[in-house]
Protein chains: 2
Amino acid sequence: MVKNLDERKSSILHAIIQEHIITASPVGSRTIAKKYDLGVSSATIRNEMADLEELGYLEQPHTSAGRIPSDKGYRYYVDILMNNKGINSDKLIKTLSEITKAKKGIHGIVSGITTMLSEFTKYATMITEPEFKNIKLSEVQLIKVTNNKLLLVMVTDNGFVSDKMINIQQDLDKRKIRYINNFLVNKITDKNINNLDKNYFDEIEDELIKKINLSQQLFNIINKEIKEINDPRDINIYIGGTSYILDQPEFNDIEYLKKVLNILDHEDTLKKLITAENNKEIEVRIGHENEMKEMQRCSVVIANYTIGDKAVGKIGVLGPTRMEYPRVISTVNIVSDILSKIISEVNK
Amino acid sequence: MVKNLDERKSSILHAIIQEHIITASPVGSRTIAKKYDLGVSSATIRNEMADLEELGYLEQPHTSAGRIPSDKGYRYYVDILMNNKGINSDKLIKTLSEITKAKKGIHGIVSGITTMLSEFTKYATMITEPEFKNIKLSEVQLIKVTNNKLLLVMVTDNGFVSDKMINIQQDLDKRKIRYINNFLVNKITDKNINNLDKNYFDEIEDELIKKINLSQQLFNIINKEIKEINDPRDINIYIGGTSYILDQPEFNDIEYLKKVLNILDHEDTLKKLITAENNKEIEVRIGHENEMKEMQRCSVVIANYTIGDKAVGKIGVLGPTRMEYPRVISTVNIVSDILSKIISEVNK
DNA sequence: TTTTAGCACTCAACTAAATAGAGTGCTAAT
DNA sequence: ATTAGCACTCTATTTAGTTGAGTGCTAAAA
């Protein structure tokens, strides 16, 4: 779809975008002629700019202003022009490994990395907690805590631990609990969690009730708990660096700023924003490529982080379309790699 | 310290503050004379306003403007004048109980209530997760997951569950693990968690090593995990409704807005902001009563929520000093009551 | 003595006009 | 095909002028 531009147009477009990313203002032909050594005069650049505008790569806020890149222009920049040389990753990697050491648990790690990512990119960042699919239970333990309280602990084969306090009316002695526990281990571990549905529980419950006296309540709770292990709605999103948004002049418009912050405020819209295909390593959504119209003056860079080759979570950076793509993309790449490693490690 | 004002000054101050809370603009004597039926002319009000300014309850942005309340004025309003009649709490209570039913776990409940509180108050809100002090371990379980992985589950006497995957190099058979487990149950349950320090662990470890062969690693991890149960730094803070901040004209100044959002962005400053005495039911910090100077154009309403009579977490609402104190205070009161009940319930 | 009408004065906020300057598009020369 | 030159455009900034809400003070009335 995107036709390649000839070399001179490319250089000029490249120069305009780089200049605009720095200054956040419309860029004029004279600036390009002076600052970038393209070997042609401002008049020539002027003609080329008119062409680039006609082709849709540039826009003119008004007749007597310079040009700014269009979404199409940025897209061309990201896909073709952009210098993909990474940032200096040493410091980033060092800082990340420090966080990982200091924090405990998935919550701590993910929230720490979210903050760190925003401090490195200077944009708002979002990271979802890892989500596990097609998993099996590897361990089930029913522990008596008090006379009418049981603790149910379930461990998935990728190391996720779920625990739930259960209040029981029925008085279950330790022997009975052990019996139920063994029964559960046989029936629900090592099976794909998706198959452990209401029907299956009804079945095995009948089976158990034939053998020992038991109120229904317990199995309902276990069933519900397993559903929740499997429920993507419960995935937390961490968000960091919202105050960096204000550094960008495109958000000086308070009304617009409010719309954007409002999206970040609500889990549902935030999840929609950070949606991306699982099989892509990194996805850059520029301006109107975003579904939500409030986001169409923004760009989002989203990467998956993985366990093995399965995507388990998303890393996102949100900024104006005039974003420093090369820096953000390489940072996001590094962070998603490291997070993949960390989560895989925790999961071992 | 605060001397009571005579009745007329009180009414005038009351009227000015109410008017200012609505309009967000300086209030003039004529407005008060017309809108509030105080039975005196604007000239009299003018004289009284000059007095109130001299006494420090009002300020004048510039000579030819009306008056705005000072922090001292708001303080007088909150302590003495304010009509404390609550909001209509039915809808609030209903919504809260719905959240509680729909959400699982402390994370879900606290984050849901944070969002709800911001939607009811229309200000930014913060709620800390419950923090448990002076607790005992009521249950310890060491579960073999795979050959070189143990799951350590500890339950505190108030129902908090901690779990930790432990990678072990040493090969421990089930019997040994059961032995260690029993040993631990004897040594660390039913003891104040504060006493389970490094020294104590070194001691009991020596004792155990005399009986069975064991690498040090395991006890270090348990020790660390217990420290973390006890570590207030790990308490999460949930924050909601940041976009409501932009509704307030006092935050139209982008520079100031950035400072405030920056505080909300960082856990450390956020925790500092929401610090309040445990023994007070509700604390209102007006303008300069806030320690952080970036917050001195804001007010914060903070309540404790409790288990029994022990404060375990904070609920905070952040707005401009021109905050709708009566509405916020009564909402916060209700929410903290309900959250206390919910957390106590979860904890039973 | 207290209250109030009346009036001159103040000052931010708004409006309109003037000006500057960055940038374009076109033309004609190279 | 490129470029110097120039008229033209349009925003942004500055400046001056105007408005109006509100005050403080004074003198008369209650």
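No hydrogens, no waters, no symmetry mates; every other heavy atom, side chains included, goes into these values. By convention in this document, chain letters (A, B, ...) are assigned in the order of the sequence lines, proteins followed by strands, and residues within each chain are numbered from 1.
When each of B:G39 and A:G28 is assigned the nucleotide of DNA chain C bearing its nearest heavy atom, the one mapping closer to the 5' terminus is B:G39. Heavy-atom nearest nucleotides on DNA chain C were determined for B:P61 and for B:S41, and the one closer to the 5' end corresponds to B:S41.
Applying the side chain to side chain donor-acceptor pair (under 3.5 Å) criterion to B:N333, with sequence neighbours excluded, gives no partner residue. By the side-chain contact (heavy atoms from CB on, under 4.5 Å) test, A:N47 is found to be paired with no residue, residues two or more places apart in sequence or in another chain being considered. Judged as a side chain to side chain donor-acceptor pair (under 3.5 Å), and not counting sequence neighbours, the contacts of B:E283 are B:R285. For B:S11, the side-chain contact (heavy atoms from CB on, under 4.5 Å) partners are B:L38, not counting sequence neighbours. The side chain to side chain donor-acceptor pair (under 3.5 Å) search around B:Y123 returns none, not counting sequence neighbours. For A:Y256, there are no side chain to side chain donor-acceptor pair (under 3.5 Å) partners two or more places apart in sequence or in a different chain. Residues passing the side-chain contact (heavy atoms from CB on, under 4.5 Å) test with A:A43 are A:S41, A:R46, sequence neighbours excluded.
Between the P atom of D:dA12 and the CG atom of A:N252 lies a distance of 13 Å, rounded to the nearest Å. If you take CZ of A:R46 and P of D:dT3, they are 11 Å apart, rounded to a whole angstrom. Atom NZ in B:K35 sits roughly 11 Å away from atom P in D:dG22 (whole-Å rounding). Rounded to an integer number of Å, the gap from A:K9 NZ to D:dA1 P is 11 Å. Residue B:Q60 contributes atom CD, which lies 11 Å from atom P of D:dG22 at whole-angstrom precision.
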Mind listing the N/O atom pairs, protein and nucleotides 13-20 of chain D, below 3.5 Å?
none

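Remark on the helix from C:dT1-D:dA30 to C:dT30-D:dA1: inter-end axis angle 20°, axes from five-pair C1' superpositions, rounded to 10°.
Nucleotides of DNA chain C that come within less than 4.0 Å of any heavy atom of chain B span, from the 5' end to the 3' end, C:dT3 to C:dA12.
For the pair B:D6 and B:K9, the salt-bridge criterion is met [side-chain N within less than 4.0 Å of a carboxylate O]. Salt bridge B:D247/B:K122: absent, no basic N to carboxylate O contact under 4.0 Å.
Regarding contacts with the backbone of D:dT3, a side-chain N or O of A:T44 is found under 4.0 angstrom from either OP1 or OP2.
Among residue pairs with one or both ends in residues 319-329 of chain A, those qualifying as salt bridge (charged side-chain N to carboxylate O under 4.0 Å, His left out) are A:E250-A:R322, A:E324-A:R327; sequence neighbours excluded. Residue pairs meeting the ring pair (Phe, Tyr, Trp, His ring centres under 6.0 Å) criterion with at least one partner in residues 21-43 of chain A, sequence neighbours excluded, do not occur; the list is empty.
For B:T31, whose side chain is taken as the heavy atoms from C-beta onward, the closest listed nucleotide among D:dA4, D:dG22, D:dC10 is D:dG22.
Residue-level contact check: A:S29 touches the backbone only, with heavy atoms under 4.0 Å from sugar-phosphate atoms and none from bases.
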